[in-house]
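Okay, structure first, notes after.
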Amino acid sequence: LALALASLLPTAGARRSQDLHCGACRALVDELEWEIAQVDPRKTIQMGSFRINPDGSQSVVEVPYARSEAHLTELLERVCEKMKEYGEKVDPATHRKSYVRVISQDGTKMDLSGVKFDGDVTSSLKFACESIAEEYEDELIEFLSHETENVKDRLCSKRTDLCDHALHIPHDEL
């Protein structure tokens, strides 16, 4: 019996870690998409070379600021602070963990039944978020700068395998 239990422990730990990293990835993408949506769509930034070409022209273009590399890089530096606004919810049937906002972005009341919200959860989620943001910074910028559909699924499940178990998670759960 002890041997059987010992063989199950690494699997349970690996699943907890996968749940955490999957939840952190999905929450990270949600937060980035929300932040992008808050920027005035008319706001632009000049990109390109400011050097003057021999013909007197410049290779400068204006691009929307919200999805510019400069804005996305700035967001990635601070977005994981938002993980303190998340709690952990355990599915009673599968015992899988997911992470949900405990503080709404628009002030609406939230259903927090069954949600665990403490320093351990938020610090673990923040650490996982920071690791993902650092490791997958190029992919995040690539996906978000081109307004790719289903960034959460494409990045967290297909590109990184952080959520290979989670393709069945509804889009509005996080």
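Not measured: the values here are computed from a predicted model. Position 1 is the first residue of the sequence; numbering continues from there.
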_Heavy-atom pair with the smallest gap, counting every atom of Leu162 and His21_ = CD2-CB, 3.9 Å
*CD of Glu149: more than 12 outside heavy atoms within 6.0 angstrom?*
no
*Would you say the side chain of His71 lies within less than 4.5 Å of the side chain of Ile45, judging by non-hydrogen atoms?*
no
*Do you reckon Met110 sits in the same ILVMFWY cluster as Phe117, going by side-chain contacts under 4.5 Å, direct or chained?*
yes
*CD on Glu134 to CD on Glu137, rounded to 0.5 Å*: 8.5 Å
_Spacing of Glu85 atom CD and Thr122 atom OG1 [to the nearest 0.5 Å]_ = 11.0 Å
*Sub-4.5 Å side-chain heavy-atom contact between Leu32 and Leu72*: no
*So, does Arg67 use its side chain to make a donor-acceptor pair with the main chain of His146 at under 3.5 Å?*
no
*Spacing of CZ belonging to Arg159 relative to OH belonging to Tyr136, to within rounding of 0.5 Å*: 10.0 Å
*Spacing of Asp19 atom CG and Thr94 atom OG1 [to the nearest 0.5 Å]*: 8.0 Å
*Quick one: CG on Leu28 to NZ on Lys152, what's the gap to the nearest 0.5 Å?*
11.0 Å
_Before you tell me yes or no, could you show the steps for Arg154 and Glu139 under salt bridge (charged side-chain N to carboxylate O under 4.0 Å, His left out), namely the whole-Å CA-CA distance, both residues' side-chain angles and the distance that decides it to 0.1 Å?_
CA-CA 10 Å; Arg154 294 189 61 199; Glu139 288 88 346; over 6 Å; no
_Within a 6.0 Å radius of atom CD on Glu69, are there more than 12 heavy atoms belonging to other residues, nucleotides or ligands?_
no
*Should Val100 and Ile103 be counted in the same cluster of Ile, Leu, Val, Met, Phe, Trp and Tyr side chains packed under 4.5 Å apart?*
yes
*Answer yes or no for Cys129 and Cys80: SG-SG distance under 2.5 Å.*
yes
*Considering only heavy atoms from C-beta outward, does the side chain of Leu140 approach that of Leu155 to under 4.5 Å?*
yes
*Side chain to side chain, Phe127 and Leu20, heavy atoms closer than 4.5 Å*: no
*Find the distance between CG (Leu76) and CD (Glu35) and round it off to the nearest 0.5 Å.*
11.0 Å
*Residue that, paired with Tyr99, satisfies side chain to side chain donor-acceptor pair (under 3.5 Å) out of Glu88, Lys89, Arg26*: Glu88
_I want to check something: taking the side chain as every heavy atom from C-beta on, are Glu130 and Met83 in contact at a cut-off of under 4.5 Å?_
no
*What's the verdict on side-chain contact (heavy atoms from CB on, under 4.5 Å) for Glu31 and Glu81, showing C-alpha distance, side-chain angles and the deciding distance?*
CA-CA 10 Å; Glu31 292 300 326; Glu81 291 298 322; over 6 Å; no
*asked:* I'd like to know if Cys25 pairs up with Cys156 as a disulfide, counting it only when the SG to SG distance is below 2.5 Å.
replied: yes
